[in-house]
Number of protein chains: 2
Amino acid sequence: MAYRETEKMRNRKAEARRRIIECTYGCVAGGGFRSAQITRIAACAGVATGTIYRHFESKEHLFAEVFRIATQREVDKVAEALATEGNVVTRLETALRQFADRALRGPVMAWSLIAEPVDPKVEEERLKFRRAYAQLFEQAIREGIEEDSVPDQDARQSSTCLVGAIAESLVGPLSPAQAGATEPAETNDHDPLVDSIICFCMQGLTGTRR
Amino acid sequence: MAYRETEKMRNRKAEARRRIIECTYGCVAGGGFRSAQITRIAACAGVATGTIYRHFESKEHLFAEVFRIATQREVDKVAEALATEGNVVTRLETALRQFADRALRGPVMAWSLIAEPVDPKVEEERLKFRRAYAQLFEQAIREGIEEDSVPDQDARQSSTCLVGAIAESLVGPLSPAQAGATEPAETNDHDPLVDSIICFCMQGLTGTRR
DNA sequence: ATAAGTAGTGAATCATTATTCATTCTTTGT
DNA sequence: ACAAAGAATGAATAATGATTCACTACTTAT
């Protein structure tokens, strides 16, 4: 026999795959999924278009994976905010703020994840993504109900509403039409927009204005 | 000279245009914008594909117009619910219920208007559509604040959150993946899903659980 | 060095639809 | 009836990009 896949080769392939994903991510963060054509991704990753198909079954599969990765990054941040010590209500508020702040910090990617028109396969991922957020919130709300810091309610429904309220509030400002209108260089974490979103959400949850 | 456009001709043209719009509407209500190809629309309207371009500059223009019309129908219903006599809070609740009930009644159209991936031109209309709803709610909220039945708040922001919360709550049930899961033949107006959405929304607005 | 197997290449192909436009058909005024 | 103008037609074209695949280049084991 002759050639047998070796560790070195496996690494090299993994590296190419990684680079393709990274470049796709970059394209999306720069101009949305729309701007991420195979040709451009290939050029950016320094491979031929055909090579991409050795690593991914189709463009949609590649997109779905990139979407998942981007999503995971965001969801993890929110999960982190929810996992701290302390009062459920405060943690929820921090988590909501994290969500909104991060979106405004990386508006193109956020828009792609939340609202850009995408192919059905990717849209499926989007539904999962939103469910993932909702589930985090849902869990926290349940805890809150348990410990009586949040009034009894349909936790699942409320969490869905939270996600919707934030997403909707962000769609306008994130829209490509508004590109540049919001300064992404904002180092300050206190956007009044975010404050009023959170105000509504917390009241929806707790019935208490703050 | 000879031919000069006459009333009869004007009517005939208007009728063709109307039919094209109606057929497009039908296609969308049946299978979303995705399923509304020019060929199919033309066949359904009993005209040649080229004829469509005598009435509309492009497919996107046609879609945008159909979107506007479909939208207007929905928005009007909500506006109607808001225009009745009586307490602002009650009217808002009725309006929210109207929104959700109608969506569940015509799930494919609702999904197309709220969440189906569409071309940029149509997406623009969608943003307007959501703003239109929000503005109706915003106005009502202002009235409520005025008459002290609703606590003081950022009416614009709250209204956006309302739209988001409802839309998000509906996206799951309306998704084509869920097609048929919800019986559209529901003659009864009391879907528990709708109740819990509204419960969250009203509390977000008024701080009062009901 | 050689052979066998695998990865990479990218121009060519395919697929999908919207759109065009040369031609035909209708309407209208004389 | 005829000519002028417009409307309708729909097969052909265009445009966009994803995907393929015959070929080349590289890796490995002997």
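Both backbone and side-chain heavy atoms feed into the values below; hydrogens, waters and symmetry mates do not. Lettering follows sequence order; numbering is per chain, from 1.
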Rounded to the nearest 0.5 Å, how far does CD1 of B:Ile197 lie from OG1 of A:Thr160? 8.5 Å

N or O in side chain of B:Arg4 less than 4.0 angstrom from D:dA4 OP1/OP2: no

In terms of side-chain geometry, is the basic nitrogen of A:Glu7 or A:Arg10 positioned less than 4.0 Å from the acidic oxygen of its partner? yes

Ranking C:dA7, D:dA18, C:dG8 by distance to the side chain of A:Tyr53, first place goes to D:dA18

With respect to the side chain of B:Thr6, which nucleotide from D:dA29, C:dT27, C:dT6 is positioned closest? C:dT27

So if I take residues 29-50 of chain B and measure heavy-atom distances to DNA chain C, which residues fall below 4.0 Å? B:Gln37, B:Ile38, B:Thr49

Mind checking the CD1-CZ spacing from A:Ile20 to A:Phe56? Nearest 0.5 Å is all I need. 5.5 Å

For B:Asp119 and D:dT16, give me the distance from atom CG to atom P, rounded to whole Å. 14 Å

Check if the side chain of A:Arg54 and the base of C:dG8 share a donor-acceptor pair of N or O atoms closer than 3.5 Å. yes

So, OP1 or OP2 of C:dT26: does either fall under 4.0 Å of a side-chain N or O from B:Lys8? no

Taking the side chain as every heavy atom from C-beta outward, state whether B:Arg19 and B:Val47 have any pair of such atoms under 4.5 Å apart. yes

With the side chain of A:Thr51 defined as its heavy atoms from C-beta on, choose the nearest nucleotide among C:dT9, D:dT19, C:dT27. C:dT9

Please report, rounded to the nearest Å, how far the C1' atom of D:dA7 is from the CD atom of B:Glu15. 16 Å

In whole angstrom, give the distance that lies between atom OH of A:Tyr3 and atom C1' of D:dT28. 8 Å

Closest to the side chain of B:Ser58, out of C:dA3, C:dA7, C:dT19, is C:dT19

Report the C-alpha distance between A:Glu65 and A:Arg17 in whole Å, list the side-chain angles of each, state the deciding distance to 0.1 Å, and finish with yes or no for side chain to side chain contact (heavy atoms under 4.5 Å, CB included). CA-CA 11 Å; A:Glu65 177 138 0; A:Arg17 191 188 152 92; 2.9 Å; yes

Could you state the atom-to-atom distance from NZ of B:Lys121 to P of C:dA18 in whole Å? 15 Å

With nearest nucleotides of DNA chain C determined for B:Glu7 and A:Glu5 from heavy-atom distances, which residue corresponds to the more 5′ nucleotide? A:Glu5

Rounded to whole Å, please give me the gap between NZ in B:Lys59 and P in D:dA15. 17 Å

Nearest-Å distance, CZ (A:Arg10) to C1' (C:dA7)? 15 Å

Between CZ of A:Phe56 and P of D:dT20 the distance, given in whole Å, is 15 Å

I'd like to know if B:Lys128 and B:Glu125 make a salt bridge, using a cut-off of under 4.0 Å between side-chain N and carboxylate O. yes

B:His61 NE2 to C:dA18 P, in whole Å, measures 15 Å

With nearest nucleotide decided by heavy atoms, which residue, B:Glu60 or B:Met9, maps closer to the 5′ end of DNA chain C? B:Glu60

Given the side-chain rings of B:Phe67 and B:Phe63, with only the six-membered ring counted for Trp, is the space between their centroids under 6.0 Å? no

Quick one: is D:dA7 close enough that its OP1 or OP2 comes under 4.0 Å of any side-chain N or O from B:Lys13? yes

SB check A:Glu15 A:Arg18 (cutoff 4.0 Å): yes

